[in-house]
Novice: 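Just dropping this structure here.
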Amino acid sequence: MMQCGCTSAELSLSTHHKTHSCKRGVFLGFKPQGHSKVVALPKKNTNKDKNKKYGGILPSILQNLKVDSNVVMTLDSFCGKLSPKEQTVILKEQGKWDKVLRVFEWFKSQKDYVPNVIHYNVVLRALGRAQKWDELRLCWVEMAKNGVMPTNNTYAMLVDVYGKAGLMKETLLWIKHMNLRGIFPDEVTMSTVIKVLKDAKEYDRADRFYKDWSIGKIVLDDLEFDNIDDMEPISFKQFLSTELFCTGGRSNSLIDSGTSDVDSSVRKPRLTTTYNTLIDLYGKAGRLKEAADLFADMLKSGVALDAFTFNTMIFICGSHGYLTEAEAFARYEDF
DNA sequence: ATAGGGTTAG
């Protein structure tokens with residue numbers, strides 16, 4: 001029996017809380033209080049989150065950039081040298097993509113500017129979020145020209161923006177690009193890829209990507225297209241030229257990573273959000289056993305459960321008729 | 001005071 005008094009028969013999917021006025025949110029989110037042993041507590045608000053208080057010369061530069069449309073003149077009026085970190089902050093704080101570009105151009109015009117992958121990541125993300133694909137590709141090419149190599153951060157961001165824009169073919173190309181470069185996805189990048197593939201209902205592809213990641217394997221053939229003709233000719237050509245331009249990153253890790261038996265021990269996620277995404281993936285793919293295994297893994301590894309974990313498990317059980325189990329999860333959360 | 005993802009369903 002649910003705490004709100006509903007019987008298990010009434011615990012049927014999403015209609016549950018439409019027809020009942022109980023305040024305990026089973027599908028609406030769990031309260032974190034009192035679950036410190038199992039449930040992740042909300043992160044404390046550090047000054048990183050909300051209070052964007054910068055010191056030194058940054059506030060006045062940011063303010064001036066906000067009110068002044070002439071980026072070059074505004075920046076010229078500050079003669080002091082900016083550190084790479086300060087430059088990152090300034091780039092990040094610009095709202096519009098074109099302003100980001102102009103500020104970046106000014107940085108690069110300074111004599112002592114050193115090309116910086118973090119700066120490129122910030123600029124590329126701004127262009128990606130604004131869906132300025134041509135500008136993004138130009139920036140990418142220039143980045144390579146300046147000898148700046150993309151990192152895991154770069155690829156996670158690219159997969160995210162292309163995936164959110166619904167450009168799945170290009171998303172797959174970025175993943176392939178990363179693989180060709182011999183860059184093994186870290187957990188955030190893997191999680192990002194899984195999320196994008198899941199949202200595109202590419203469940204099998206997502207499953208394979210995760211399984212390969214688990215054993216430290218990079219598979220190149222796994223990302224072939226079913227229908228490459230669907231892609232816009234122009235963007236594909238541009239993409240290929242970019243691809244051909246970037247021949248420098250070929251590394252032996254490509255071979256090592258897939259064939260070595262020594263380091264092919266099983267890799268497990270350690271982030272709650274990763275597990276939640278994976279559990280939802282297998283739930284949506286109808287593979288309940290694997291979803292349940294991941295949940296068990298989570299407990300075994302001591303990874304904190306949170307409201308998403310419970311709601312996802314409850315929904316998976318509920319939507320497949322496992323009402324007793326759904327109820328158990330609801331109670332488990334409540335203990 | 002460097003950068004990426006942040007999940008459930010309604």
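All heavy atoms count here, side chains included; hydrogens, waters and symmetry mates do not.
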Novice: With respect to the side chain of A:D160, which nucleotide from B:dA1, B:dG5, B:dT2 is positioned closest?
Specialist: B:dG5
Novice: CD of A:E86 versus P of B:dA3: gap in Å, rounded?
Specialist: 14 Å
Novice: Nearest whole Å is fine: how far is B:dG6 C1' from A:R270 CZ?
Specialist: 13 Å
Novice: For A:L278 and B:dG6, what is the distance between atoms CG and P respectively, to the nearest whole Å?
Specialist: 14 Å
Novice: Among the candidates B:dG5, B:dG10, B:dA3, find the nucleotide nearest to the side-chain atoms of A:K164.
Specialist: B:dG5
Novice: Any idea which of B:dT8, B:dA1, B:dT7 is nearest the A:K195 side chain?
Specialist: B:dT7
Novice: Within the modelled atom types, does a donor on one side and an acceptor on the other bring the side chain of A:T88 and the base of B:dT2 under 3.5 Å apart?
Specialist: yes
Novice: Is the positively charged end of A:R129 above the ring of A:W97, judged by distance under 6.0 angstrom from the centroid and angle within 45° of the axis?
Specialist: no
Novice: What's the CG-P distance between A:D186 and B:dG6, to the nearest Å?
Specialist: 14 Å
Novice: So what does A:T189 hit on the nucleic acid, given a heavy-atom distance under 4.0 Å: a base, only sugar-phosphate, or nothing?
Specialist: base
Novice: OP1 or OP2 of B:dA3 versus the side-chain N and O atoms of A:K92: is any pair under 4.0 Å?
Specialist: yes
Novice: Between B:dT7, B:dT2, B:dG5, spot the one nearest the side chain of A:K85, thanks.
Specialist: B:dT2
Novice: Closest to the A:Y54 side chain: B:dA1, B:dA3, B:dT2?
Specialist: B:dA1
Novice: When you get a sec, tell me which of B:dT7, B:dG5, B:dA3 is the closest nucleotide to the side chain of A:S191?
Specialist: B:dG5
Novice: Tell me what A:L281 touches on the nucleic acid: a base, only sugar-phosphate, or nothing, going by heavy atoms under 4.0 Å.
Specialist: nothing
Novice: Quick one: label A:T309 by what it contacts on the DNA or RNA (base, sugar-phosphate, nothing), any heavy atom closer than 4.0 Å.
Specialist: nothing
Novice: Give me the ring orientation class for A:Y113 and A:H119: parallel if the planes are under 30° apart, tilted from 30 to 60°, perpendicular past 60°.
Specialist: parallel
Novice: Do A:V159 and A:K195 touch side chain to side chain, with heavy atoms closer than 4.5 Å?
Specialist: no
Novice: Hey, is the side chain of A:R129 poking within less than 4.0 Å of OP1 or OP2 on B:dA3, counting only N and O atoms?
Specialist: no
Novice: Within this structure, what is the CG-to-P distance between A:L62 and B:dA1, rounded to whole angstrom?
Specialist: 13 Å
Novice: Rounded to the Å, how far apart are A:M178 CE and B:dG5 C1'?
Specialist: 13 Å
Novice: When clusters are formed by joining ILVMFWY residues with side-chain heavy atoms under 4.5 Å apart, either directly or through shared neighbours, do A:V161 and A:L138 land in the same one?
Specialist: no
Novice: Students often get this wrong, so: under 4.0 angstrom with heavy atoms, is A:V188 touching a base, only sugar-phosphate, or nothing?
Specialist: base
Novice: Out of B:dA3, B:dT8, B:dT2, which nucleotide sits closest to the side chain of A:N121?
Specialist: B:dA3
Novice: Please classify the nucleic acid contact of A:G283 as base, sugar-phosphate, or nothing, using heavy-atom distances under 4.0 Å.
Specialist: nothing
Novice: Counting heavy atoms from C-beta on, name the nucleotide in B:dA1, B:dT7, B:dT2 closest to the side chain of A:K198.
Specialist: B:dT7
Novice: The side chain of A:T192 is closest to which nucleotide in this list: B:dA1, B:dT8, B:dG5?
Specialist: B:dG5
Novice: How many whole angstroms separate atom CG of A:N276 from atom P of B:dG6?
Specialist: 13 Å
Novice: Using the side chain to side chain contact (heavy atoms under 4.5 Å, CB included) criterion, which residues pair with A:A292? Sequence neighbours excluded.
Specialist: none
Novice: May I have the distance from A:I194 (atom CD1) to B:dT7 (atom P), rounded to whole angstrom?
Specialist: 15 Å
Novice: What class does the angle between the rings of A:H177 and A:W174 fall in, given that below 30° is parallel, 30 to 60° is tilted and above 60° is perpendicular?
Specialist: tilted
Novice: So if I take every side-chain heavy atom of A:V89 and compare against B:dA1, B:dA3, B:dA9, which nucleotide ends up nearest?
Specialist: B:dA1
